[in-house]
Amino acid sequence: MRGKDAGAFILRIFIGIAFLIHGALKFQGGIGNTAGWFESIGLPGFLAYVVAVIELAGGFLMILGLGTRLVAFLFAVVLLGAILTVKAQAGFTGNGQSAGYELDLTYLVISVFLLLNGSRLLSVGALFRKNKTVHYQ
């Protein structure tokens with residue numbers, strides 16, 4: 001059980017940092033520019049704000065281990081959207097002009113793992129659960 005906990009912790013921290021950076025870059029590059037790019041590929045511009053907040057806040061929460069399963073679900077939705085709307089046409093490894101979906105798929109697999117298994121090791125969420133006693137009848 002210890003190895004599984006350590007593995008989930010490593011995945012949680014990695015994906016949290018990755019999404020935090022991606023979210024921060026969307027805001028640093030000008031969220032309006034990101035919204036314009038979303039519109040240029042046929043998506044509503046407001047989705048750029050939704051995605052950026054999920055990435056930034058979700059990345060921070062994931063690193064803390066707070067709401068891991070919920071955040072993992074939101075990451076999975078964002079990744080599925082990215083794969084289906086942007087990355088799929090470039091193929092798995094890319095087409096020479098744009099990146100493929102292999103990295104997005106890797107992040108999706110990590111997100112699904114965390115959604116199904118959680119990650120309690122060194123998590124803020126575990127502190128809240130530790131104080132709760134569950135009584136079964």
Side-chain angles (χ1 to χ4, degrees):
M1 182 89 134
R2 202 55 137 161
K4 178 186 167 203
D5 294 339
F9 171 75
I10 291 166
L11 292 174
R12 189 186 88 220
I13 297 302
F14 170 76
I15 202 161
I17 291 169
F19 270 89
L20 180 71
I21 291 169
H22 280 271
L25 288 173
K26 282 179 178 59
F27 285 106
Q28 287 176 345
I31 191 66
N33 293 332
T34 305
W37 181 77
F38 271 55
E39 290 171 352
S40 76
I41 61 168
L43 296 172
F46 80 89
L47 280 180
Y49 295 89
V50 173
V51 168
V53 168
I54 288 171
E55 290 177 351
L56 186 67
F60 183 69
L61 291 171
M62 188 66 77
I63 292 166
L64 292 177
L66 192 57
T68 299
R69 289 184 169 166
L70 174 61
V71 173
F73 172 76
L74 294 173
F75 285 175
V77 170
V78 168
L79 290 160
L80 278 172
I83 291 168
L84 295 174
T85 61
V86 179
K87 302 291 184 118
Q89 58 250 31
F92 185 73
T93 58
N95 60 12
Q97 295 179 341
S98 62
Y101 60 87
E102 64 184 317
L103 182 60
D104 299 81
L105 187 60
T106 302
Y107 287 171
L108 177 60
V109 169
I110 293 170
S111 296
V112 170
F113 175 86
L114 292 170
L115 172 63
L116 296 174
N117 295 288
S119 172
R120 296 186 65 175
L121 183 63
L122 300 175
S123 73
V124 173
L127 296 175
F128 292 113
R129 287 187 295 277
K130 191 180 271 188
N131 295 327
K132 291 183 179 179
T133 304
V134 179
H135 299 283
Y136 297 100
Q137 295 179 344

Exercise. Decide if atom CZ of F60 counts as having more than 12 heavy atoms of other residues, nucleotides or ligands within a radius under 6.0 Å.
Key: no
Self-check item: Enclosure of F73 CZ (heavy-atom neighbours >12, cutoff 6.0 Å)
Solution: no
Look up atom [atom1] in [X] and atom [atom2] in [Y], then write down how far apart they are to the nearest 0.5 Å.
X	Y	atom1	atom2	result
L56	F27	CG	CZ	6.0 Å
L47	T85	CG	OG1	9.5 Å
I10	D5	CD1	CG	11.0 Å
Q89	I83	CD	CD1	12.0 Å

Within the 4.5 Å heavy-atom criterion, are [X] and [Y] side-chain neighbours or not?
X	Y	answer
T68	M62	yes
F38	V51	yes
F75	V112	no
S119	L11	no

Quiz item: Between H22 and Y107, how do the two ring planes meet: parallel, tilted or perpendicular, split at 30° and 60°?
Solution: perpendicular
Self-check item: By ring pair (Phe, Tyr, Trp, His ring centres under 6.0 Å) - contacts of Y101 (at least two apart)
Solution: F92
For the residue pair [X] and [Y], what are the closest heavy atoms and their distance?
X	Y	answer
E102	T93	OE2-CA, 3.7 Å
L66	V71	O-CG2, 4.2 Å
A99	K87	O-CD, 3.7 Å
G65	S123	O-CB, 3.4 Å
A6	L121	CA-CD2, 3.8 Å

Practice problem: Keeping to residues at least two apart or across chains, list the side chain to side chain donor-acceptor pair (under 3.5 Å) pairs with something in residues 29-43. | Solution: none
